[in-house]
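Numbers restart at 1 for each chain; the letters A, B, ... are given by sequence-line order, proteins then strands. Below, all heavy atoms of this structure are taken into account, side chains as well, without hydrogens, waters or symmetry copies.
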Number of protein chains: 2
Amino acid sequence: MGISFKKQQFDAREEAIIDAVNHLLSEKGFDLMTMDDVADRVGIAKGSLYKHFSSKEKLAAAALTRLLKATLEELDQLPAEMPAVEQLKHILAWSLRLRLQGGVPHLPSTSVSLQRSLMLNLDYMTVALRVNKRFHGLVAKARSDGALTPEVPDDVLVFTLYSRACDPTVDFLIRDNKLSHEQIVDAIVYATMGGFLAR
Amino acid sequence: MGISFKKQQFDAREEAIIDAVNHLLSEKGFDLMTMDDVADRVGIAKGSLYKHFSSKEKLAAAALTRLLKATLEELDQLPAEMPAVEQLKHILAWSLRLRLQGGVPHLPSTSVSLQRSLMLNLDYMTVALRVNKRFHGLVAKARSDGALTPEVPDDVLVFTLYSRACDPTVDFLIRDNKLSHEQIVDAIVYATMGGFLAR
DNA sequence: GTCTATACACCGATAGAC
DNA sequence: GTCTATCGGTGTATAGAC
């Protein structure tokens with residue numbers, strides 16, 4: 001029984017590759033990231049890279065899928081009695097913090113070419129749909145709690161949650177260097193959610 | 001005296017080129033837009049394109065500069081007695097409408113490579129700084145009017161105004177096809193500004 | 001499965017005829 | 001100034017030795 005050493009090593013390398021992809025996606029975006037960049041950063045040859053992932057799109061899909069799974073896990077560990085609005089704030093803050101640590105890729109929305117290929121990726125789409133369902137559920141619950149303004153439809157809030165993860169405002173604020181990371185998180189969460197709350 | 005017919009024709013062609021660039025930037029973004037795309041869309045040869053703009057970066061800079069100038073003109077024509085907050089809402093709605101009409105490029109923030117070259121472009125930077133000053137002035141005025149929440153610094157609002165112009169939420173909502181363009185504008189303006197208003 | 005080497009396509013920019 | 005043709009460079013992906 002158990003997993004062979006070889007297999008463990010293989011998996012560890014794949015994790016290392018995805019780590020590298022995450023950083024590169026957040027630094028350069030999908031279009032500008034090259035397979036050479038990835039190989040160099042991991043410290044293997046480009047040819048070897050293709051033994052793990054058969055295309056650049058598959059590589060990015062794997063990185064984004066891991067991110068979405070982590071999002072679900074983060075939501076799962078929240079206490080069930082936490083109000084839906086607070087859960088939404090929490091997951092927004094969580095994704096912003098990930099981004100500030102340099103580990104989170106820009107969302108697919110930044111690259112039209114990547115978007116298309118992701119739609120055809122079953123693994124990615126499965127997790128993406130689960131995350132989407134989860135977000136919609138939370139928004140609906142917050143709505144029925146009376147926490148949200150009737151002025152803005154549910155969809156706008158859900159899409160906004162995705163969008164804030166790749167909001168250039170974060171980059172601007174980092175470069176501006178006036179606010180600490182926690183201040184950036186607080187300000188963006190406050191400003192973002194504030195627009196959706198009942199007054 | 002006056003401008004020769006030749007010169008007029010030349011200028012008209014440059015305008016047509018920039019129009020094409022605007023559309024292509026919004027569809028594909030800077031990195032995926034090729035000079036062949038631009039030439040094809042305008043209906044001229046690629047070689048001819050380089051007689052007007054000596055590089056791809058110059059081309060994008062010209063398009064973005066024209067956009068920023070239009071932003072200033074839009075602000076200039078607002079009545080001076082309009083409250084600063086209303087002016088901010090107006091310019092946000094204006095840029096969202098431009099985007100919904102397919103005429104506005106993603107912001108430079110989507111491409112790291114473009115960002116760098118823009119910093120070195122005097123024409124662009126001059127206008128960009130003027131727009132920035134204008135935005136900061138309006139935010140400061142809104143602040144002194146007591147219209148803004150003390151919870152969020154001025155910079156965050158200014159950067160947010162830029163960021164909303166390339167917010168993928170818009171793309172999501174268009175594809176979703178549940179809201180009309182005006183509903184999208186209203187919802188985003190309401191949700192965006194709502195997070196910054198005093199409560 | 002890792003490497004080096006290379007095929008193949010695309011793109012930005014230029015050359016040169018008209 | 002417009003065109004066609006092409007150069008030089010780069011990037012994805014593959015081939016083949018070990």
[X]: partners by side chain to side chain contact (heavy atoms under 4.5 Å, CB included), with sequence neighbours left out:
| X | value |
| --- | --- |
| H136(B) | N132(B), D155(B), V158(B) |
| E182(A) | R97(A), S180(A), V185(A), D186(A) |
| D19(B) | R66(B) |

With a 4.5 Å cut-off on side-chain heavy atoms, are L148(B) and V139(B) touching?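 A side-chain contact under 4.5 Å exists here.
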What are the residues of residues 37-46 of chain A, sorted by number, that bring a heavy atom to within less than 4.0 Å of DNA chain D? K46(A)
Under the side chain to side chain donor-acceptor pair (under 3.5 Å) rule, collect the residues that match up with N121(B), sequence neighbours excluded.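 Here no residue qualifies.
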What residues, two or more places apart in sequence or in another chain, satisfy side chain to side chain donor-acceptor pair (under 3.5 Å) together with H90(B)?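 Partners of H90(B) under the side chain to side chain donor-acceptor pair (under 3.5 Å) test: E74(B).
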Does [X] have any salt bridge (Lys or Arg N to Asp or Glu O under 4.0 Å) partners at least two apart in sequence or in another chain, and if so, which?
| X | result |
| --- | --- |
| R41(A) | E27(A) |
| E151(B) | none |
| D154(A) | R143(A) |

Quick one: label K51(A) by what it contacts on the DNA or RNA (base, sugar-phosphate, nothing), any heavy atom closer than 4.0 Å. base
Round to the nearest Å and state the distance from L49(A) atom CG to dT14(D) atom C1'. 13 Å
Specify the separation, in whole Å, of atom CG of L114(A) and atom P of dT12(D).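 Going from L114(A) (CG) to dT12(D) (P), I get 13 Å.
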Pairwise 5' ranking along DNA chain C for S48(A) and L32(B), keeping only the more 5' one: S48(A)
Please write out the pairs of protein N or O atoms and N or O atoms of nucleotides 8-10 of chain D separated by less than 3.5 Å, giving the distance to one decimal.
none

So where does chain B start and stop touching DNA chain C, 5' to 3', when the test is distance under 4.0 Å to a non-hydrogen atom? dC11(C) to dT14(C)
Any pair with a residue in residues 25-69 of chain A that passes ring pair (Phe, Tyr, Trp, His ring centres under 6.0 Å), sequence neighbours left out, goes on the list, sorted by first then second residue, please. F10(A)-H52(A)
